[in-house]
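I have placed the structure first, in the form of structure tokens, so that the comments after it can refer back to it.
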2 protein chains.
Amino acid sequence: MKSQATSSLPAIQSALRAVGARVTPARVRVLGALRAAPGAQSHAEIEEALAQEAHPAIDRVTLYRVLDWLCTAGLAHKAADARGVFRFSAAQPNVEHAAHVHFRCTGCGGVFCLKAPPPPAPKLPRGFRLAGMAVDIRGECPRCVRSHS
Amino acid sequence: MKSQATSSLPAIQSALRAVGARVTPARVRVLGALRAAPGAQSHAEIEEALAQEAHPAIDRVTLYRVLDWLCTAGLAHKAADARGVFRFSAAQPNVEHAAHVHFRCTGCGGVFCLKAPPPPAPKLPRGFRLAGMAVDIRGECPRCVRSHS
DNA sequence: ATTGCGCATGCAACCGGGTTGCATTTGCGG
DNA sequence: CCGCAAATGCAACCCGGTTGCATGCGCAAT
């Protein structure tokens, strides 16, 4: 399991410390799993990934709390996929996360980040307050296309 | 809210018949409620709206089944909102639903359709199959802005 | 090194949206 | 009017997510 610079142990620990928080095994492992993952992960996927490590399993509730805490700390993002299940992804400092494009597979529910031009934000009717913008492409990923479905 | 041609009783019945289906009270009422609604409705909101009519209440499960059936029949659309709960909206034939912009209120979870320029679809990596595209603006609707937070 | 505070964790129970199985009703074509 | 398949209602169930509470532990002050 290789860890690149952003997901190395010291980097994770310093990221946690940077937000003035206690560095606990659960947080380190969860953030590490999140950063090592290719895309947005569901709670079940993260749990499964952590279970394969040689450490004691993390409680379901703790995982939820750590994930939520990471989100409020700005270290992760939370979003519901097409199935209504929440998916979490690491907030990588070197990646511009403000405006990019997500591809959501209707087959497996997976989320892929596309390198795509961020479209200009349209103007809102009066009274609406803009917080962010997301472009979601629906379709099927190559694997689901191949397995027909 | 205009209950015009597209949401009149005969129009609903003929729309149901057009897909070769039995015209039942539940389907008529649900599709009617959906077409009369200003935006995407959650299951609970639809149930509440139907309960205020002078008809016997529709079972929770039946409502789910009718909604799903309407989706597969192409008469409605289903999507998960930011909270992970499904919202349903009528597929109005005169409205181009393929590409438009949704505003999702982070306060109340409501969904609003904006009249906005549909941005061009970005090109996908090879192997991905495009099914549709959605632009989601996150923020707060005027009412939630006013009630502050 | 020790102590002590308070946050983090684990456990169990709970909640609500969504689904499934099955018996009964009903639309609608014959 | 009959009969059958489709639709409905009911109850139980599943699963993702949350809450309450007692215990454990990171961390800093001593």
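For the numbers below, each heavy atom of this structure counts, side chains included, while hydrogens, waters and symmetry mates do not. The chains referred to below are lettered A, B, ... by the order of the sequence lines, with proteins before strands, and numbering in each begins at 1.
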Could you give the distance from [atom1] ([X]) to [atom2] ([Y]), rounded to the nearest 0.5 Å?
X: Arg65(A); Y: Asp59(A); atom1: CZ; atom2: CG; result: 8.0 Å
X: Phe103(A); Y: Arg129(B); atom1: CZ; atom2: CZ; result: 9.5 Å
X: Arg83(B); Y: Phe86(A); atom1: CZ; atom2: CZ; result: 9.0 Å
X: Tyr64(A); Y: His43(A); atom1: OH; atom2: NE2; result: 4.5 Å

5' to 3' contact window, DNA chain D with chain B (heavy-atom distance under 4.0 Å):
dA5(D) to dA12(D)
Looking at residues at least two apart in the chain, or sitting in another chain, which of them share a salt bridge (Lys or Arg N to Asp or Glu O under 4.0 Å) with Glu45(A)?
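Arg87(A).
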The contact string for nucleotides 24-30 of chain C, one letter per nucleotide 5' to 3', using protein heavy atoms under 4.0 Å with B, S and - for base, sugar-phosphate only and none, comes out as --BBS--
Quick one: are the ring centres of His77(B) and Phe88(B) less than 6.0 Å apart?
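Ring centres of Phe88(B) and His77(B) not closer than 6.0 Å.
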Assign Ala26(A) to base, sugar-phosphate, or nothing according to its heavy-atom contacts below 4.0 angstrom with the strands shown.
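Sugar-phosphate, no base atom in range.
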Using distance only, find each side-chain donor-acceptor pair of residues 9-31 of chain B under 3.5 Å and give its atom names and separation, not counting sequence neighbours.
| unit_1 | atom_1 | unit_2 | atom_2 | d |
| --- | --- | --- | --- | --- |
| Ser14(B) | OG | Pro10(B) | O | 3.3 |
| Ser14(B) | OG | Ala11(B) | O | 2.9 |
| Thr24(B) | OG1 | Arg27(B) | N | 3.4 |
| Arg27(B) | NH1 | Arg22(B) | O | 3.0 |
| Arg29(B) | NE | Glu53(B) | OE1 | 2.9 |
| Arg29(B) | NH1 | Pro56(B) | O | 2.9 |
| Arg29(B) | NH2 | Leu50(B) | O | 3.2 |
| Arg29(B) | NH2 | Glu53(B) | OE1 | 3.3 |

Ala90(A) to Leu34(A) - nearest heavy-atom pair and separation:
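Closest pair (atom of Ala90(A), atom of Leu34(A), distance): N-CG, 3.8 Å.
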Are Val85(B) and Ile46(B) linked, directly or through intermediate hydrophobic residues, by side-chain heavy-atom contacts shorter than 4.5 Å (ILVMFWY only)?
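Different hydrophobic clusters.
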I'd like to know if Leu67(B) and Trp69(B) are part of one continuous hydrophobic network [Ile/Leu/Val/Met/Phe/Trp/Tyr, side-chain heavy atoms within less than 4.5 Å].
yes
In numerical order, the residues of residues 57-68 of chain B whose heavy atoms come under 4.0 Å of DNA chain C are Arg60(B), Val61(B), Tyr64(B), Arg65(B), Asp68(B)
Nucleotide N/O to protein N/O under 3.5 Å, stretch nucleotides 2-5 of chain C:
none

Pairing of Asp81(A) and Arg104(A) as salt bridge, 4.0 angstrom limit:
no
Using side chain to side chain contact (heavy atoms under 4.5 Å, CB included), reason through Val66(B) and Leu70(B) one step at a time and then give a plain yes or no.
CA-CA 6 Å; Val66(B) 167; Leu70(B) 286 173; 4.0 Å; yes
